[in-house]
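Note that the coordinates shown come from a computational prediction; the quantities given were computed from them, not determined experimentally. Letters A, B, ... are given to chains in the order of the sequence lines, protein chains preceding strands, and every chain is numbered from 1. Basis for what follows: all heavy atoms, side chains included, without hydrogens, waters or symmetry-related copies.
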Amino acid sequence: MAPQTRRMTFPNVVIERDTDSERSSSDEEEEEEEEDHEEEEEKVVDNKNEERMEESLEAKKKGKTPITISLKKVCKVCKKVGHEAGFKGATYIDCPMKPCFLCKMPGHTTMACPHRVATEHGVIPAPRRNTRNPLEYVFERQFRPRVLRIKPAFVIPDEVTCAVIRYHSRRITCLEFHPTNNNLLLSGDKKGQVGVWDFGKVHEKMVYRNIHSCIVNNMRFNPTNDDSVYAASSDGTISCTDLETGISLSLMNLNPDGWQGRSNWRMLYGMDINSEKGLVLVADNFGFLYLVDTRSNNKIGEAILIHKKGSKVVGLHCNPVQPELLLSCGNDHFARIWDLRRMETGSSLYDLAHKRVVNSAYFSPLSGSKILTTSQDNRLRIWDSIFGDLDSPSREIVHSHDFNRHLTPFKAEWDPKDPSESLAVIGRYISENYNGAALHPIDFIDISTGQLVAEVMDPNITTITPVNKLHPRDDVLASGSSRSLFIWRPKEKSELVEQKVERKIVICDRAEKKRSRKHGNKSDDSDDDKFTSKGKKLKSNKPEWKLTRCSGKVKR
DNA sequence: AGGATATGACTCC
DNA sequence: TGGAGTCCCTATCC
């Protein structure tokens, strides 16, 4: 083929310029100096553009399409010209064409959202009701005494220290404090591994790698044996692991025939223990509930459809006071209250409607009489009394905890120590500009008023922290953020750990691997091969074991 | 430094 | 009902 010159084939280029006043800050600086010449230059550009337009028209006649290079600002969100969305430094600029990212209402951006500006996040107050029924009478007599009538002031430290540890190789999905050992934290991850960390003796950690083959969705300690823990996983099994020996047994396997395709693979999500009845309750991704006897480890009866068929049941919670009451929630936008003595499809006592997927639903930890739910519509919902009117929540609190498919779902968790049952903790999705850093704090919310009581953050921690749990006895908050675990405590109370962590402690698993290879043992640390959906092999993650320490602020 | 990639819910047809 | 296409602040790896 005869060679062609570029001149002959290269299409004409049309350059479009933004003519309005919106320019980036760096442009502005440069342009201020050149202001005098600007008008003149634009004329030149216009003339040139005209010439090019003529040329391009000519090219069109000849059948060549001109390439248009636009120097106008194009919004990467809505693709429209004239504005831009995205981070400007540590502040995120919203696309004005989209509804508010926080409250989801049109007409304003997240920055101007009244729920963001208010010190009290948006609250829809409880309507005054005067409908007394017999159940409510029972509640007043039996349960109300358990809840403190006068709410004590929350004691919020000014500063916290945060121990950061990283030994999971995938993102953290759940956390659980040991019921009696105050310094023991369990963590589950997306890969199926379970970590045990003694944060009192920072160097003591253990990672169990062979319990599950994928996501650990929920863990609960065995109420009759502190050393054993149950876990429900997306591999379709419930495990019971002895933390002393590391020996794990499988109570139930929903996929005994292995992989039979996506539509047949059953995954376990919600799980809770009913100690009174000696039951493990689990629910799957098809809407079914399973009951397992903890003494015989046998499944009891048939699975019961408790949520929309084919939808994921992500949360189960047994009432701490009334053992026959069960709360479930899932992807069918409902949280449901059940009587365990009468578990049949469609026999729920109440269906609590939500606008989106319900990530979690919990009874209050002491009286069991309140319900707190987290929904993907960016709202926390509170029902003040399960014996009152459950038709609508007592309060809705607007809070940014949008689900993003690459994050573990956010769940608002009660403070089990708060006698007034009004403090909850939840990570925040949306970032805030804190002295030039975009941070995602962990919010403490007074769910009786909707007030943001405290925001905990650390300039060194820039990741989102969707998994949080408050210690049942101590002033400790445990968090899971991506692959890292944090232990937050008030600054004055952390001497124990502080002295040990003056310097960064780095112990590398690779050293262990090397040693075990030298001794001829096949290391159990070796990562399983991972493949993409297209069959491409992924490189395994480098194991790390790292602990750092930093000081965080508490903003009120 | 930036592209690839893990991958869930929802809407539309 | 199911498959394709879309989606606003990810985190990590190379």
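- Other residues, nucleotides and ligands contribute over 12 non-hydrogen atoms within 6.0 Å of the CD atom of A/E344.
- Using cut-offs of 30° and 60° for the angle between ring planes, the A/F199 and A/F177 rings count as perpendicular.
- Taking 4.0 angstrom as the limit, A/K312 places a side-chain polar atom (N or O) nearer than this to OP1 or OP2 of B/dA9.
- No engagement by A/P96 is indicated, since no non-hydrogen atom pair under 4.0 Å with the nucleic acid exists.
- The nucleotide whose nearest atom lies closest to any side-chain atom of A/R483 is, among B/dA9, C/dC8, C/dT12, C/dT12.
- The side-chain heavy atoms of A/L316 and A/L289, taken from C-beta on, include a pair separated by under 4.5 Å.
- Computed from coordinates, the A/R262 CZ to B/dA9 P distance equals 10 Å when rounded to whole Å.
- You'll find that the side chain of A/Y429 is closest to C/dT10, out of B/dG8, B/dA9, C/dT10.
- Distance, A/I172 CD1 to C/dT10 P: 19 Å, rounded to whole Å.
- Look at CZ on A/F101: it is 11 Å from C1' on C/dT10, rounded to the nearest Å.
- The residue among A/R356 and A/R405 whose nearest nucleotide of DNA chain B lies closer to the 5′ end is A/R405.
- Put simply, A/H406 has no side-chain N or O that comes within less than 4.0 Å of OP1 or OP2 on C/dT12.
- A straight line from CG of A/N359 to P of B/dG8 spans 14 Å, rounded to a whole angstrom.
- You'll find that the side chain of A/K98 is closest to C/dC8, out of B/dA9, C/dC8, C/dT10.
- For A/F334, the side chain to side chain contact (heavy atoms under 4.5 Å, CB included) test picks out A/H307, A/D332, A/R336, A/D351, A/A353, with sequence neighbours left out.
- Within the 4.0 angstrom heavy-atom criterion, base atoms lie near A/S431.
- Ranking B/dT7, C/dT10, C/dC8 by closeness to the A/D94 side chain, first place goes to C/dC8.
- Between the C1' atom of B/dA9 and the NZ atom of A/K308 lies a distance of 12 Å, rounded to the nearest Å.
- Checking the phosphate oxygens (OP1, OP2) of B/dG8, no side-chain nitrogen or oxygen of A/N404 falls inside 4.0 Å.
- In this view, A/K312 satisfies the side chain to side chain donor-acceptor pair (under 3.5 Å) rule with no residue, not counting sequence neighbours.
- For A/R170 and B/dA6, the CZ to P distance is 11 Å, given to the nearest whole Å.
- Across B/dC10, C/dA11, C/dC8, the shortest atom-to-atom separation from the side chain of A/V357 is found for B/dC10.
- Here C/dC13 is the nucleotide among C/dC9, B/dG8, C/dC13 with the atom lying nearest to any side-chain atom of A/R166.
- For A/I430, the side-chain atoms get nearest to C/dC9 when compared with the rest of B/dT7, B/dA9, C/dC9.
- Listed nucleotides B/dG8, C/dC9, C/dT10 differ in distance to A/I464; the shortest reach to its side chain belongs to C/dT10.
- A close approach under 4.0 Å does not occur between any side-chain nitrogen or oxygen of A/T110 and OP1 or OP2 of C/dC8.
- With C/dT12, B/dC10, C/dC8 as the choices, the nucleotide that has an atom nearest any side-chain atom of A/T463 turns out to be C/dT12.
- Taking atom C1' in both C/dC9 and B/dT11, one finds a spacing of 23 Å when rounded to whole Å.
- Salt bridge annotation for A/D402-A/K104: present, with a cationic side-chain nitrogen under 4.0 angstrom from a carboxylate oxygen.
- Note: NE2 (A/H333) to C1' (B/dA9) measures 8 Å, nearest angstrom.
- Between the P atom of B/dG8 and the CZ atom of A/F410 lies a distance of 16 Å, rounded to the nearest Å.
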